[in-house]
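Reckoned from all heavy atoms, side chains included, excluding hydrogens, waters and symmetry mates.
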Amino acid sequence: MKRYALQNLVAWKNSKNRKPLLLYGARQVGKTWLMEEFGKTNFSDYVAINVEKNERIANVFNNTLNPQEIVTAIEMEARKKVTKDTLIIIDEIQACPRAITSLKYFCEDLPEYHVIAAGSLLGVAIHQGISFPVGKVESMYMYPMTFCEFLDALGEEKLCELINSSDFQMINLFKDKIITYLKTYFYVGGMPEVVKNYIENKDFQEVREIQNRILSDYKQDFSHHIPPTIRPQVTKLWDSIPRQLAKENKKFVYSEIENTKARMKEYNPALEWLKDSGLVYQIMRLSKPALPIKAYQEYNNFKLFMSDIGLLSAKSDLDIRTLLEGSKVFTEFKGSITEQFVLQELKAIQNIDIAYWANDAGRAEIDFVIQLDSQIIPVEVKAGINLKAKSLNVYKEKFNPDILVRTSLADYKKSDNLCDIPLYMIEQIKQICNL
């Protein structure tokens with residue numbers, strides 16, 4: 001498979017001021033594969049150690065923070081020479097807090113070495129008080145496969161190139177084919193193991209079985225890694241997400257978790273755990289769309305999405321027949337599957353902040369408001385081809401933005417400052433809007 005994150009790793013390798021890299025991401029999004037593929041294709045050699053599985057190496061970190069001594073121990077464990085041309089991979093680093101601390105000394109004492117570390121619960125570990133080497137490491141986030149990565153994996157590289165070309169006349173000729181693949185992606189999603197199985201077997205039942213097993217593995221993580229005091233809250237909050245998204249107003253409401261008067265403070269630790277583990281995305285409401293949008297987010301008003309559209313489809317019990325019935329898949333659960341897709345595609349864009357806007361009366365809502373560099377762009381998501389834009393018009397009259405974006409199954413069109421972008425091209429929003 002081709003993962004576009006490899007390009008970011010190459011840029012990291014070639015950086016003059018390179019520091020050890022921490023790779024974040026939910027379990028099973030492909031972090032280990034990415035690091036090893038990077039080592040195979042861009043270095044003379046690589047060594048990979050898993051400090052969760054290898055107690056001997058974990059003890060090395062616990063006994064010393066001297067990077068040269070650590071390299072010597074890795075050489076003995078791997079039975080190979082480690083040089084500045086070797087990629088050192090430390091996997092599941094959150095299992096050994098001292099290994100995280102050691103990155104500071106790799107940065108200071110052995111900056112010529114290439115060190116990359118990852119962990120599925122890295123964010124959780126860091127926020128639980130582990131000594132973090134501030135200023136001594138770089139960070140990168142790994143997400144599920146995007147729609148274009150999915151096409152690449154299916155052998156449709158040319159179709160992906162066409163989408164990226166912005167040749168709208170040619171794109172319209174192949175639109176039906178693209179939308180067919182898009183519907184499939186809504187069901188399969190972007191988890192690498194699921195995509196690999198679909199490519200090999202084209203069996204949607206097997207796809208669903210793997211997705212359910214991944215969801216089950218996440219629940220096992222709850223049992224093994226979450227303090228008993230918040231474990232019930234994490235499970236209930238996690239299970240409520242499809243129900244929350246199926247509402248007309250997708251704002252997260254705590255009382256919807258268990259149909260009781262649940263309060264924010266009871267569930268806030270659970271929410272933070274799910275966010276830190278990479279399993280959910282929290283999208284805040286904006287009080288007003290002004291720069292920087294992070295400064296205008298209302299932390300008590302938010303929407304909660306899952307990390308992968310395929311897992312959301314599985315957790316919502318989306319039936320395979322929905323995939324086959326015209327465009328029904330795009331409108332299921334009041335369009336929440338389509339919103340999940342747009343969010344995932346936007347998340348794949350580097351250096352982007354994402355929020356949403358709703359007026360106080362609750363009668364107008366912009367699904368996403370994004371900040372690209374110094375530009376604030378409202379993005380309204382349409383699940384089908386109905387392009388009525390009441391909320392977008394309210395937003396336009398109130399804030400007079402330079403550009404507005406509407407994304408749907410309709411063809412590309414630009415009229416004044418309104419840009420219609422097909423759903424399958426939303427990841428190209430920066431290029432299409434000439435930002």
The side-chain hydrogen bond (donor to acceptor under 3.5 Å, both in side chains) partners of Glu365 (sequence neighbours excluded) come to Lys303
Salt bridge (charged side-chain N to carboxylate O under 4.0 Å, His left out) against Asp203, all qualifying residues, sequence neighbours excluded: none
Between Asn417 and Pro401, is there a donor-acceptor pair closer than 3.5 Å when you use the side chain of the first and the backbone of the second? yes
Residues 117-128 vs salt bridge (Lys or Arg N to Asp or Glu O under 4.0 Å), sequence neighbours excluded, gives none
Is a donor on one side and an acceptor on the other found under 3.5 Å between the side chain of Asn359 and the backbone of Ala364? yes
Asp373 with Lys430: basic N within carboxylate O range, under 4.0 Å: yes
Report the residues that fulfil ring-ring contact (aromatic ring centres under 6.0 Å, His included) with Phe302, sequence neighbours left out, ordered by chain and then residue number. Phe252
Parallel, tilted or perpendicular: which one describes the rings of Phe43 and His114, with boundaries at 30° and 60°? perpendicular
My understanding is that only residues two or more places apart in sequence, or in another chain, count here; which of them pass salt bridge (charged side-chain N to carboxylate O under 4.0 Å, His left out) with Glu149? Arg3
Tell me, do Phe368 and Thr407 make a side-chain contact under 4.5 Å, heavy atoms counted? no
Please, which pairs that meet salt bridge (Lys or Arg N to Asp or Glu O under 4.0 Å) have at least one residue in residues 170-193, sequence neighbours excluded? Glu156-Lys177, Lys175-Asp411, Glu193-Arg213
What pairs of residues pass the side-chain hydrogen bond (donor to acceptor under 3.5 Å, both in side chains) test when at least one of them lies in residues 270-281, not counting sequence neighbours? His127-Asp276, Glu272-Lys275, Lys275-Gln282
For side chain to side chain contact (heavy atoms under 4.5 Å, CB included), just list the numbers for Glu298 and Leu286, CA-CA rounded to whole Å, side-chain angles, deciding distance to a tenth of an Å, and then say yes or no. CA-CA 6 Å; Glu298 300 176 346; Leu286 288 179; over 6 Å; no
Side-chain contact test, heavy atoms from C-beta onward, threshold under 4.5 Å: evaluate it for Arg208 versus Ser313 and give yes or no. yes
Is there a side-chain contact between Phe330 and Phe341 in this structure, where contact means two heavy atoms from C-beta onward sitting under 4.5 Å apart? no
For the residue pair Phe147 and Glu345, establish whether any side-chain heavy-atom pair is separated by less than 4.5 Å. yes
Go through the steps to decide whether Glu92 and Gln94 satisfy the test side chain to side chain donor-acceptor pair (under 3.5 Å), and finish with yes or no. CA-CA 5 Å; Glu92 297 299 346; Gln94 83 283 341; 2.8 Å; yes
Write out all pairs satisfying salt bridge (Lys or Arg N to Asp or Glu O under 4.0 Å) with one or both partners inside residues 113-122, taking only residues at least two apart or from two chains. none
Would you confirm whether Glu206, through its side chain, and Tyr198, through its main-chain N or O, come within 3.5 Å as a donor-acceptor pair? no
Electrostatic pair Arg27-Asp217, nearest N-O below 4.0 angstrom: no
Please enumerate all residues that pass salt bridge (charged side-chain N to carboxylate O under 4.0 Å, His left out) together with Asp360, with sequence neighbours excluded. Arg285
Okay, side chain of Ser316, backbone of Leu318: is any donor-acceptor separation there less than 3.5 Å? no
Is it the case that the side chain of Glu36 and the backbone of Ile89 share a donor-acceptor pair, with hydrogens and angles ignored and the cut-off at 3.5 Å? no
Give the ring-plane orientation class for Trp12 versus Phe38, where under 30° counts as parallel, over 60° as perpendicular and anything between as tilted. tilted
With a 4.0 Å cut-off, would you call Asp420 and Lys382 a salt bridge? no
Partners of Phe106 by ring-ring contact (aromatic ring centres under 6.0 Å, His included), sequence neighbours excluded? none
Return each pair, listed once, that meets salt bridge (Lys or Arg N to Asp or Glu O under 4.0 Å) where at least one residue sits in residues 127-144; pairs must be two or more places apart or across chains. Glu108-Lys136
Please check if the side chain of Thr235 supplies one atom and the backbone of Arg231 the other of a donor-acceptor pair under 3.5 Å. yes
Under the side chain to side chain donor-acceptor pair (under 3.5 Å) rule, what do Gln350 and Asn8 come out as? Steps first, then yes or no, please. CA-CA 10 Å; Gln350 290 190 68; Asn8 300 330; 2.9 Å; yes
Got a sec, which residues hit salt bridge (charged side-chain N to carboxylate O under 4.0 Å, His left out) with Asp91, two or more places apart in sequence or on another chain? none
